[in-house]
2 protein chains.
Amino acid sequence: MSWPPFDSPCLAPPPDDAGPLGPCLHCQVRHLAVCSALSPEEIQALETAASVQALEPGAVLARQGETRRHVYTVTRGALRLVRVSADGRRQVAGFALPGDFVGLSGAPTHQHDIEALAATELCRFGADAMQRLGTRYPHLQAKLLERACVELDTAREQMMSLARMTPIERMGDFLLRLAARQARAGNPGPAVALPMPRADIADHLGLTVETVSRSLTALRTRGLIALPGTYVVEILDPAGLKALEAA
Amino acid sequence: MSWPPFDSPCLAPPPDDAGPLGPCLHCQVRHLAVCSALSPEEIQALETAASVQALEPGAVLARQGETRRHVYTVTRGALRLVRVSADGRRQVAGFALPGDFVGLSGAPTHQHDIEALAATELCRFGADAMQRLGTRYPHLQAKLLERACVELDTAREQMMSLARMTPIERMGDFLLRLAARQARAGNPGPAVALPMPRADIADHLGLTVETVSRSLTALRTRGLIALPGTYVVEILDPAGLKALEAA
DNA sequence: CGCCTAGTTGAAGTTACTCAATATCCGTGG
DNA sequence: CCACGGATATTGAGTAACTTCAACTAGGCG
């Protein structure tokens, strides 16, 4: 099995004084701090509860049904959240990129398989430690809640996409969303990396691989995107893509 | 416009000593308390921040794009969360029944129109008051977070349904889910009330009204459900319905 | 009692899926 | 370094399924 090439930078470049926890954990904590406006005390508490974890492409972080013992924040790479039904139908609930939380759920067990799409690094927090921290630092928990609510909004957007958009519109929506996330993570350009194979996009958008391929071709034919490589999309006409959805 | 008949009981029957806040607020607070194992102090704080709101069928609680000033818990009736795109495509993100929270979102504005499907009563909390309460009572905020995570799980289930199920399977899934929610609210029987018209079910499941109608007929023909009235479904064979989805 | 809205049922038309063949990309081994 | 092999992606033709369009039925309110 070969995986799409994908290397994402740390969210915030590690400063020289990264400290004993190493650059990646540091930048993750910095990221959390930036997002949450945490106090030094809170950051210290987070750092104490965290540990770093690395995954090879294809590695499995968790399996559907396993007990949820940790929550994670992604610092590098990419993950997919996959659900497979008894008869083999596959659904990719989402992709986790640097800065995203993974493992948030109301259930005591994981609701998805969580698999690395590329070389991935995460910060791991014990679920109960996180809960204790949340109780001790309400501000932190408030940010977690906000994060969950944003995820909720995203999921509902995705529902709209699945329920009411044509394949081409879904593809455009997906690309714009991915571009926005990569922009937030520091990738400015029109080139968007696709860390996942076509099959994952298909299972994410409720389509077949063939339809995904045809949709990409259609967008290229219309001059909205370019496809310099299998796993790279250049967004030539963001406004045109956006217009697809609304129209 | 006429609305499906729907009357849901208060979650917990109001005791005689309902107090100055009235029976419905009382039972809502009791509900929150039961779900959250709140302390008397926390309950008192909640009651102080809350006020009751009633809606006629068809009344609009909020419009997409409006500033979110409140969060609500439903004590009676039913609501729908609707999103309409620029070109008129409609999506019902979900239905809120007694015991559900409404208004949770990561965005500063409402992401959906929120409309009453029946005579509805809610408890209203100021959004910032709620935030203050959450900071002051971490336990309460933890419950809110859990609630949001459960919503997130639900939304992802819905994604699976939209992406990978046939119309008949979606219909079965929807009915089972609705039955489970009504069971939790105290309705035990095989009879499930549909507080919404067919068009709302269609826009919720990503189908057309016609397909919804045909799916219901198909389920009835297979002996899985009965349709004693337009807005009532009897689930004759829950196992058979469940088997549809997995198969 | 009649109109109007909502729901059901039927026939035709699109659209995305399925099946099949070809092309391309990568990693491997000669 | 090039050639090969396997997997992934693209492209093409046919089919099934859902939607669309249309007619009909049922129920509620004036």
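Order of the sequence lines fixes the chain letters, A, B, ..., with proteins taken first and strands second; residue numbering starts at 1 for each chain. In this text, all values refer to a predicted model and were calculated from it rather than measured experimentally.
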Atom-pair distance ([atom1] on [X]; [atom2] on [N]), nearest Å:
X         : N       : atom1 : atom2 : value
Glu169(A) : dT15(C) : CD    : P     : 12 Å
Ile201(A) : dA9(D)  : CD1   : C1'   : 11 Å
Arg89(A)  : dC17(C) : CZ    : C1'   : 14 Å
Arg198(A) : dT10(D) : CZ    : C1'   : 9 Å
Arg220(B) : dT9(C)  : CZ    : P     : 6 Å
Leu207(A) : dT18(C) : CG    : P     : 11 Å
Asp203(A) : dA9(D)  : CG    : P     : 12 Å
Glu210(B) : dC18(D) : CD    : C1'   : 10 Å

Salt bridge (Lys or Arg N to Asp or Glu O under 4.0 Å) partners for Glu234(A), two or more places apart: none
Would you say [N] has OP1 or OP2 under 4.0 Å from some side-chain N or O of [X]?
X         : N       : result
Thr217(B) : dT9(C)  : yes
Tyr231(A) : dC25(C) : no
Ser2(B)   : dC29(D) : no
Arg214(B) : dC18(D) : no
Thr211(B) : dT19(D) : yes

Salt-bridged, [X] to [Y], with N to O below 4.0 Å?
X         : Y         : value
Arg181(B) : Asp100(B) : yes
Glu151(B) : Arg156(B) : no
Arg164(A) : Glu245(A) : no

Whether over 12 other heavy atoms sit under 6.0 Å from Glu66(B) CD: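 More than 12 heavy atoms, drawn from other residues, nucleotides or ligands, come within 6.0 Å of this atom.
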Touch class at under 4.0 angstrom, heavy-atom based, for Gly206(A) against every strand present: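 Sugar-phosphate, backbone atoms only, no base.
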